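To start, the structure under review is shown below, and the notes come after it.
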Amino acid sequence: MKPIHPLSFSIVLMVAQGCAVTDTSAVRAARYGEDVPQAAAEDVPAVAVDVPVVPVDVPPLPSCVSGQSWMDMNRGSRLMHPGQACVSCHVRTADEGPMLLAGTVFHHEREVDDCYGFAGNRRTSGGYVEVTDANNTVVRMPLNEAGNFYYSGLAPLQMPLHGITVVSPTGGRNSMDGEAPHGDCNGCHTREGTSTVAGADPAPGRIYLVP
């Protein structure tokens, strides 16, 4: 028998030890039925998740709370065209005499033109609009069935108007901040909110009644 050279024995031992090193835990588990060790939670790298921001689905603003609209075009009526600029229209067409002050009171500040507003009643306490002119003349205008109010008295009003307040049948009050430079209320109080006077603060939306 040929003797093993000491150097050859060292190489064989190193190879055997190298095989033992490459025998991973997964291989040992498959070979000997052992459990594979699991990584600790702190050893797992954190993964940043980019969560998209979803905008809130805001319900649309009401278009016509009363569910009733003016349908008779330009036929003369005290119920006609709620929400539209009454005074400027009457000036253009000269319908039914002069109109010095007029507008519409709605249920909500974003209602559409020609939608009936808060239904008042001339014969009962159905809500009204009160204004004071520059000469401290106080005018109180009841709301009609379309929510319209107007003043066409013989005595002219001196602008600007102040103390403008919508009063509900139950006594709720919605007052306008500041003064109104003219009496065409719906000219400024549109659905979107606007101002027809240069340099004036824009109206926030419709004139509306509070409980």
Side-chain angles (χ1 to χ4, degrees), residues 66 70 72 74-210:
S66 69
W70 172 256
D72 289 338
N74 291 328
R75 182 180 67 83
S77 169
R78 58 191 178 87
L79 307 179
M80 68 187 300
H81 295 310
Q84 297 195 32
C86 313
V87 175
S88 59
C89 181
H90 279 250
V91 168
R92 288 195 311 269
T93 61
D95 287 340
E96 300 183 5
M99 184 172 286
L100 306 176
L101 171 63
T104 309
V105 174
F106 287 97
H107 296 270
H108 194 280
E109 63 180 346
R110 293 289 183 264
E111 296 196 61
V112 297
D113 283 347
D114 287 343
C115 171
Y116 277 23
F118 183 87
N121 191 312
R122 286 177 174 273
R123 294 178 295 278
T124 63
S125 179
Y128 60 90
V129 174
E130 184 176 275
V131 304
T132 303
D133 77 349
N135 293 326
N136 289 324
T137 300
V138 178
V139 175
R140 180 176 291 185
M141 299 160 285
L143 308 181
N144 66 24
E145 295 89 333
N148 291 338
F149 62 90
Y150 52 89
Y151 172 75
S152 55
L154 296 177
L157 297 176
Q158 184 67 38
M159 304 300 166
L161 305 174
H162 62 278
I164 304 168
T165 304
V166 182
V167 182
S168 75
T170 58
R173 303 174 71 86
N174 186 13
S175 299
M176 175 177 171
D177 295 331
E179 299 177 334
H182 57 77
D184 200 359
C185 305
N186 290 344
C188 289
H189 288 275
T190 64
R191 185 176 193 241
E192 294 78 16
T194 185
S195 177
T196 58
V197 181
D201 291 334
R206 299 295 195 187
I207 304 168
Y208 64 94
L209 183 143
V210 297

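Reckoned from all heavy atoms, side chains included, excluding hydrogens, waters and symmetry mates. From a predicted model like this one, the values you see are computed outputs, not experimental measurements.
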Can you tell if the side chain of [X] reaches within under 4.5 Å of the side chain of [Y], non-hydrogen atoms only?
X      : Y      : answer
Ile207 : Cys185 : yes
Val138 : Glu130 : yes
Phe149 : Arg140 : no
Val87  : Leu100 : no
Leu79  : Trp70  : yes
Arg206 : Arg191 : yes
Ile164 : Ser175 : no
Leu209 : Pro169 : yes

Could you measure the distance from the [atom1] atom of [X] to the [atom2] atom of [Y]? Nearest 0.5 Å is fine.
X      : Y      : atom1 : atom2 : value
Gln84  : Asn148 : CD    : CG    : 10.5 Å
Asp72  : Met80  : CG    : CE    : 9.0 Å
Asp133 : His162 : CG    : NE2   : 7.5 Å
Met159 : Asn135 : CE    : CG    : 11.0 Å
His108 : Cys115 : NE2   : SG    : 12.0 Å

Item to check | Nearest atoms (heavy-atom pairs only) where His189 meets Pro204 | outcome: CE1-CD, 4.4 Å
Item to check | For Leu161 against His182, the heavy-atom pair lying closest together | outcome: CD1-O, 4.1 Å
Checklist entry - Going through the distances and angles, do Met141 and Val131 end up as a side-chain contact (heavy atoms from CB on, under 4.5 Å)? => result CA-CA 9 Å; Met141 299 160 285; Val131 304; 4.2 Å; yes
Item to check | Side-chain (Ser66) to main-chain (Tyr116) donor-acceptor, under 3.5 angstrom | outcome: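 Present.
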Item to check | Greater than 12 external heavy atoms within 6.0 Å of Asp177's CG | outcome: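 Atom CG in Asp177 is not packed in, count stays at 12 or less.
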Checklist entry - Is the distance between the ring centroids of His107 and Phe118 under 6.0 Å? => result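 Yes, the ring centres sit under 6.0 Å apart.
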